[in-house]
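Below is one structure; the comments refer to it alone.
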2 protein chains.
Amino acid sequence: MAADIISKGERTSRAIIDAAYALIVEQGYAATSMRQIAEKAGLSLGAIYNHFSSKDEVFRAILEVRHPFFQIVPLLNSAKGESIEEFARSAAHTLIAELGHHPEFLNLLLIEIVEFKGEHVPRVFEKMLPMILQLAQRLSNLEGNVREIPQLVLVRAFMGMFFSYFITETLLSRTALVEMQSNALDHFVDIFLHGILLEKG
Amino acid sequence: MAADIISKGERTSRAIIDAAYALIVEQGYAATSMRQIAEKAGLSLGAIYNHFSSKDEVFRAILEVRHPFFQIVPLLNSAKGESIEEFARSAAHTLIAELGHHPEFLNLLLIEIVEFKGEHVPRVFEKMLPMILQLAQRLSNLEGNVREIPQLVLVRAFMGMFFSYFITETLLSRTALVEMQSNALDHFVDIFLHGILLEKG
DNA sequence: CCTACCGATCGGTAGG
DNA sequence: CCTACCGATCGGTAGG
């Protein structure tokens, strides 16, 4: 039998995390029970506690692997383009292609804010720092003349644009205002680019 | 005894809503118990059911009165300014002054999205429609040359700017990146305005 | 409007 | 890794 890279314990651990992620993203943390997680993972309740010491530890483990930032930032890093404009449009298309059809990927971030008051944010942020620095380095090398805006504000506004898009999308998809939805992200990117770039000379 | 405009039943009802609002915004819906609400409102558990038939009904009542939209839209309507630029800056200052120091005002909206999958959005939206139409009317009369952007996208981007600001503010307030926070909303408004306005001729 | 209760379910554990 | 259990708490109600 070939030595599998992934042990059985590791596989069970991941099954628990996957099951818990799916349930929590759909129901929220408090509304999801350890028994639901066990059942979805194909285990008994007690078995979970061989891998995680508490429900809270399960949630922490989920965040380490599935926090939206860990989906978003790598996608941004993989976006093509040598100018700011190319990069922004490419990043938007990549994000919409990968995440557009399951906007509930933001739920984990929102749940952490609402149900945990953002207490895990520093740890997640710290773990992401290398990826963020890599992205910042990349961005600062892009071609294009940016107006006088602090670089960190730029990054914040850029990230915020996607939050803004996905949350308003979630809200609007519940109403009849379909007109608001066509090409909205393209328009968002357009406003953002026009907002940060100097007029072409 | 003068006939008070507000009956005792009405007062108890509001006490329940106030207590439930404070608890739910801080803990989330599922994590808040009817017993906690009763205690905070100064009642016994059973008494709540003289005013609301279920926990869900309490939540619906909260949304009718305290949904963030009911705080945001009137504030936007009260913003001064005859040009788009004046209006946007005034609106930003008003919002930051009224809501800036308790950003948890967005929690109710986020909780509704996460724990109820946005099922109450249509009803809230419908109730707000008059206020929204009034705001749209107001906006369309402002001075300023806007680039070719669908009006509904404009409104969406404008609202989204505040979501984006408050959520990134919540995230960043947990990290050490204080630099990112100074005057951020002013910059956001600036980027937005520069993004939607035609260059001055 | 309160007290006392209902059955159900919760997170977690002992013991094997 | 499972079965069977622990005490605590849940939403909701009966009866007064």
Charged N to carboxylate O below 4.0 Å: is that the case for [X] and [Y]?
{"X": "A:Arg66", "Y": "A:Asp18", "result": "yes"}
{"X": "B:Arg60", "Y": "B:Glu64", "result": "no"}
{"X": "B:Glu39", "Y": "B:Arg35", "result": "no"}
{"X": "A:Asp190", "Y": "A:Arg89", "result": "yes"}

Rounded off to whole Å, could you give me the [atom1]-to-[atom2] distance for the [X] and [N] pair?
{"X": "B:Asp56", "N": "D:dG12", "atom1": "CG", "atom2": "P", "answer": "8 Å"}
{"X": "B:Leu23", "N": "D:dC10", "atom1": "CG", "atom2": "P", "answer": "12 Å"}
{"X": "B:Leu43", "N": "D:dG12", "atom1": "CG", "atom2": "P", "answer": "16 Å"}
{"X": "A:Ile37", "N": "C:dC10", "atom1": "CD1", "atom2": "C1'", "answer": "12 Å"}
{"X": "A:Phe59", "N": "C:dG11", "atom1": "CZ", "atom2": "C1'", "answer": "17 Å"}
{"X": "B:Phe52", "N": "C:dC1", "atom1": "CZ", "atom2": "P", "answer": "12 Å"}
{"X": "A:Ile24", "N": "C:dG11", "atom1": "CD1", "atom2": "P", "answer": "10 Å"}
{"X": "A:Tyr29", "N": "C:dC10", "atom1": "OH", "atom2": "P", "answer": "13 Å"}

Most 5' of B:Thr32 and A:Arg35 on DNA chain D, judged by nearest nucleotide
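It is A:Arg35, whose closest nucleotide lies nearer the 5' terminus.
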If only side-chain N and O atoms of A:Ser54 are considered, is one of them under 4.0 Å from the OP1 or OP2 phosphate oxygen of C:dG11?
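No, outside the criterion.
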N/O (side chain, A:Ser33) to phosphate O (OP1/OP2, C:dC10) under 4.0 Å
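Looking at the OP1 and OP2 atoms of C:dC10, one of them is under 4.0 Å from a side-chain N or O of A:Ser33.
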Using the closest heavy atom to pick a nucleotide of DNA chain C for each, name whichever of B:Lys8 or B:Leu45 lands nearer the 5' end.
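Nearer the 5' end of the strand: B:Lys8.
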In the structure shown, which nucleotide is the Watson-Crick or G-U wobble counterpart of D:dG15, with both distances under 3.5 Å?
C:dC2
Taking the side chain of [X] as its heavy atoms from C-beta onward, which of [options] lies nearest to it?
{"X": "A:Tyr49", "options": "D:dT13, C:dC1, C:dT13", "value": "C:dT13"}
{"X": "B:Asn50", "options": "C:dC1, C:dG12, C:dC2", "value": "C:dC1"}
{"X": "B:Met34", "options": "C:dT3, D:dG12, D:dT3", "value": "D:dG12"}
{"X": "B:Lys55", "options": "C:dG11, D:dG11, C:dT3", "value": "D:dG11"}

For residues 41-52 of chain B, which side-chain N or O atoms pair as donor and acceptor with protein atoms under 3.5 Å away, sequence neighbours left out?
none

